[in-house]
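I have placed the structure first, in the form of structure tokens, so that the comments after it can refer back to it.
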Amino acid sequence: MVLAYSGGLDTSVAIGWIAESTGAEVIAVAADVGQGGEDMDIIKKRALECGAVEAEVLDLKDEFAEDFCLPALRANALYMDRYPLVSALSRPLISKHLVEAAERYDAEIVAHGCTGKGNDQVRFEVSIAALAPHLRVIAPVRDSDMTRDKAIAFAEANGLPIDVNKRSPFSIDQNVWGRAIETGFLEDIWNAPTEEIFSYTSAPNAQAEPDEVVITFEKGVPVALDGQKMSMLRIIEELNRRAGAAGVGRIDMVEDRLVGIKSREVYEAPAALVLIAAHMELENVTTERELARFKRGVDQRWSELVYDGLWFSPLKSSLDSFVDSTQDAVSGEIRVRLHTGQAVITGRKSSESLYRYDLATYDSEDVYDQSKAKGFIDIFGMTTRLAAERDRRRGK
Ligand code: ARG
């Protein structure tokens, strides 16, 4: 069996728990998607000490940035107009590597540590079903009654090398695209978040001076910051640091989970929010109106599909083709001012720009023929006028 291993209490206990209840040999696979925190070698060692027959640590940061965060950016992916899909993006990537590990070790079962109340269980299982329909999936926390108390008792009885007191009262999931903080006192939706729950962002007033950054895009791909070429991963890391220092990227929302629950979620996603705002603005400058209007609907649908665990699905794949086809002219530079928790766009520049000064200006260089507007409006408004006249006759 291959287990998606995080190094925390639940998945550490799951190793022995699964081995005891199924007799399977457990291969622990830990994915580094830029969550920071503990050293990955320590996590690997812990898996082995907890009874895994093999443990692998996979550095997936670049793949995550390029194959998951980048498509999300090109689709301006914000679920419910706000959440940049942090966890929803990492699950299909981790699933892909669990499936590959299962093939390498000839495993028949894949296990994950999700509960039965969230979206992540769906994302893992639907992704695995899409990639390897023959694999069986088990979730000990959800399916075999591995409650928190039992997990702690199991860890203590078996002398597992985990400090059960070090657990935070929050459920946190983080990667380079952002950080999700749930549960604890946040479950009362009247309670404001306190400063110490944040780690990717400083308080909005912490930095006295504004920071200004210029982001260069080529065909919808961010390629440089302040003129310096960088990989997608570096750009995300840099912007997390700079925007985070200016307090940019905090989100506090009530969210509709796929399983029907409304839940309170606090996020920090400095780079994701800055990049999406900049990318959207460059699209405003370079994308023809009808295409732009239609794409907004596609972007929203794309976000919902990915949120709902359908990364590997026919519709998502076709929408990807559409989004790709819209990015050819999305090239240029966007200047963003980062200050007091806000990312404000202050400049745009593009060789593919559809903005025409000579059409927009009210100065003497104006080439737009205003006399044509009257006839345009007469005909454009005709159906509305006809319907209004008819309804007046009917006394409506
Ligand atoms: N609500 C978010 C989502 O469904 C975040 C989930 C975070 N997962 C966690 N185990 N804390 O994408």
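Starting from 1, each residue takes its place in the sequence as its number. Just so you know, ligand 1 is whichever comes first in the structure, and atom 1 is the first atom listed for that ligand.
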(request) Assess whether side-chain contact (heavy atoms from CB on, under 4.5 Å) is satisfied between I251 and Y83, documenting all intermediate values. (result) CA-CA 8 Å; I251 302 154; Y83 166 47; 5.7 Å; no
Distance-only donor-acceptor check, side chains [X] and [Y], under 3.5 Å:
X    : Y    : value
D320 : W302 : yes
T183 : S171 : no
R250 : T201 : yes

[X] contact mode with ligand 1 (heavy-atom cut-off under 4.0 Å):
X    : answer
R123 : side chain
D120 : side chain
Y79  : neither
E182 : side chain

(request) May I ask you to identify the nearest protein heavy atom to atom 12 (O) of ligand 1, giving residue, atom name and distance to one decimal place in Å? (result)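 The closest one turns out to be Y83 OH, 2.6 Å.
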(message) Students should be able to answer this: which protein heavy-atom is nearest to atom 11 (N) of ligand 1, and at what distance?
(response)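 Here the nearest protein heavy atom works out to S171 OG, 2.9 Å.
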(request) Under 4.0 Å from a heavy atom of N119: give me the atoms of ligand 1 that qualify, with their elements. (result)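 Taking each heavy atom of N119 in turn, ligand 1 has 3 (C), 4 (O) under 4.0 Å.
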(request) For Y267, counting its heavy atoms only, list the atoms of ligand 1 lying under 4.0 Å from any of them. (result)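 Reading through ligand 1 atom by atom, the close ones are 1 (N), 2 (C), 5 (C).
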(request) Would you kindly confirm whether Y200 and I235 end up in one hydrophobic cluster when ILVMFWY residues are joined by side chain heavy atoms under 4.5 Å apart? (result)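 Unlinked, Y200 and I235 end up in two clusters.
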(message) Considering both backbone and side-chain atoms of R257, is one of its nitrogen or oxygen atoms within less than 3.5 Å of a nitrogen or oxygen in ligand 1?
(response)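 By distance alone, the answer is no.
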(message) Does R348 qualify as a cation-pi partner of Y355, given the criterion of NZ or CZ under 6.0 Å from the six-membered ring centre and within 45 degrees of its axis?
(response)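 The answer is no; the distance or angle limit is not met.
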(request) Count the heavy atoms belonging to other residues, nucleotides or ligands that lie under 6.0 Å from CD of Q228, then report whether that count exceeds 12. (result)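 Atom CD in Q228 is not crowded, with 12 or fewer foreign heavy atoms closer than 6.0 Å.
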